[in-house]
Amino acid sequence: MDLEAFLTRHPTIVARELIGWTVTLDGVGGRIVETEAYHHEDPASHSFSGRTARNAAMFGPVGRAYVYRSYGIHWCLNLVCGEGPGDAVLLRALEPTAGVTLMRERRGLDEARALCSGPGKLCQALAVTRAHDGLAMDHAPFALAPGANAGVAVGPRIGISRGADLPWRFGEAGSRFLSRPFPKAR
DNA sequence: ATGACGATGCACT
DNA sequence: GTGCATCGTCATG
């Protein structure tokens with residue numbers, strides 16, 4: 001399956017199967033260990049109320065980056081996917097594997113486990129900004145490569161009010177690089 | 001023109 | 001666990 005086919009599926013499927021893939025920007029990045037799915041019919045999605053200047057990238061081709069500013073401070077990076085316009089996967093945490101020294105400088109931290117353990121942290125470590133909004137994530141300066149995972153945990157998404165009941169957050173089971181642990185299964 | 005509110009992170013208790 | 005910084009985006013007047 002090529003990348004376009006991989007991405008042209010429901011964002012929950014893509015978000016789950018993306019765990020273990022590697023993403024880099026200018027050679028800095030790591031294994032994707034945490035994602036969240038956003039669907040255009042989901043009230044929590046930025047695309048729910050239609051296309052605007054901010055979310056335009058979500059309505060473009062799959063494989064592009066959708067970058068937005070959160071809380072006026074942080075950047076967050078999504079990979080556009082889905083069977084139709086308006087779907088994306090939020091990249092929430094990476095296991096740093098490449099350019100770790102540069103990440104430490106950008107983050108002002110030593111501990112690898114805290115370098116990319118959150119959507120805003122990840123963007124600071126990789127130096128993602130609005131300038132990357134709309135860029136293809138399988139071409140330079142981005143790169144995207146498949147990879148395996150050690151099992152996927154599922155739970156509710158973080159920091160949203162609407163659609164909070166949907167189990168659309170995915171993470172590598174047992175990873176030490178998550179933004180937060182997953183609620184214990186029951 | 002103005003106001004409300006975040007798909008957060010960090011310091012502090 | 002709680003509080004707050006900080007500002008772009010969108011809805012409303």
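From a predicted model like this one, the values you see are computed outputs, not experimental measurements. Each chain gets a letter, A, B and so on, in the order its sequence line appears, and its residues count up from 1.
- Look at CG on A:L90: it is 11 Å from C1' on B:dT8, rounded to the nearest Å.
- One can place CH2 of A:W75 at 10 Å from C1' of C:dC7, the figure rounded to the nearest angstrom.
- Between A:R69 and B:dA7 there is no side-chain polar atom (N or O) within less than 4.0 angstrom of OP1 or OP2.
- Pair assignment for C:dT6: none, as no Watson-Crick or G-U wobble contacts are both less than 3.5 Å.
- Atom NE2 in A:H46 sits roughly 9 Å away from atom P in B:dT8 (whole-Å rounding).
- Looking at heavy-atom distances under 4.0 Å, A:R157 makes no contact with the nucleic acid at all.
- Pairing partner, B:dA7: none, since no Watson-Crick or wobble contact has both distances short of 3.5 Å.
- When heavy atoms are screened at a 4.0 angstrom cut-off, A:R107 is found touching the sugar-phosphate backbone but no base atom.
- An OP1 or OP2 oxygen of C:dC7 is reached within less than 4.0 angstrom by no side-chain nitrogen or oxygen of A:R130.
- A:L122 has its CG atom 17 Å from the P atom of B:dA7, to the nearest Å.
- Between A:R54 and A:H74, the one whose closest nucleotide on DNA chain C sits nearer the 5' end is A:H74.
- With centroids closer than 5.5 Å and planes inclined by less than 30 degrees as the test, A:Y71 and the base of B:dG6 pass as a stacked pair.
- No engagement by A:S179 is indicated, since no non-hydrogen atom pair under 4.0 Å with the nucleic acid exists.
- For the pair A:S70 and B:dA7, the criterion of a side-chain N or O lying under 4.0 Å from OP1 or OP2 is not met.
- Going from atom CG of A:N55 over to atom C1' of C:dC10 covers 11 Å, rounded to whole Å.
- The CG-P distance, from A:L115 to B:dC10, rounds to 11 Å in whole Å.
- Heavy atoms of A:I160 sit under 4.0 angstrom from primed sugar atoms or phosphate atoms, though from no base atom.
- The shortest distance between side-chain heavy atoms of A:I160 and A:E36 does not fall below 4.5 Å.
- In this structure, the CD atom of A:E34 is 10 Å from the P atom of B:dG9, given to the nearest Å.
- Checked against the 6.0 Å centroid criterion, the rings of A:F59 and A:H40 do not qualify as a close aromatic pair.
- With C:dT6, B:dA7, C:dC10 as the choices, the nucleotide that has an atom nearest any side-chain atom of A:I73 turns out to be C:dT6.
- Put simply, the side chain of A:R107 gets close to the backbone of A:A114: a donor and an acceptor are under 3.5 Å apart.
- Taking atom CD on A:E111 and atom P on B:dC10, their separation rounds to 11 Å, with Å as the unit.
- Residues A:L90 and A:I13 do not share a hydrophobic cluster, defined by chaining ILVMFWY side chains whose heavy atoms lie under 4.5 Å apart.
- Residue A:L94 forms a side-chain contact (heavy atoms from CB on, under 4.5 Å) with just one option from A:L115, A:T22, A:L126, A:V33, and that option is A:L126.
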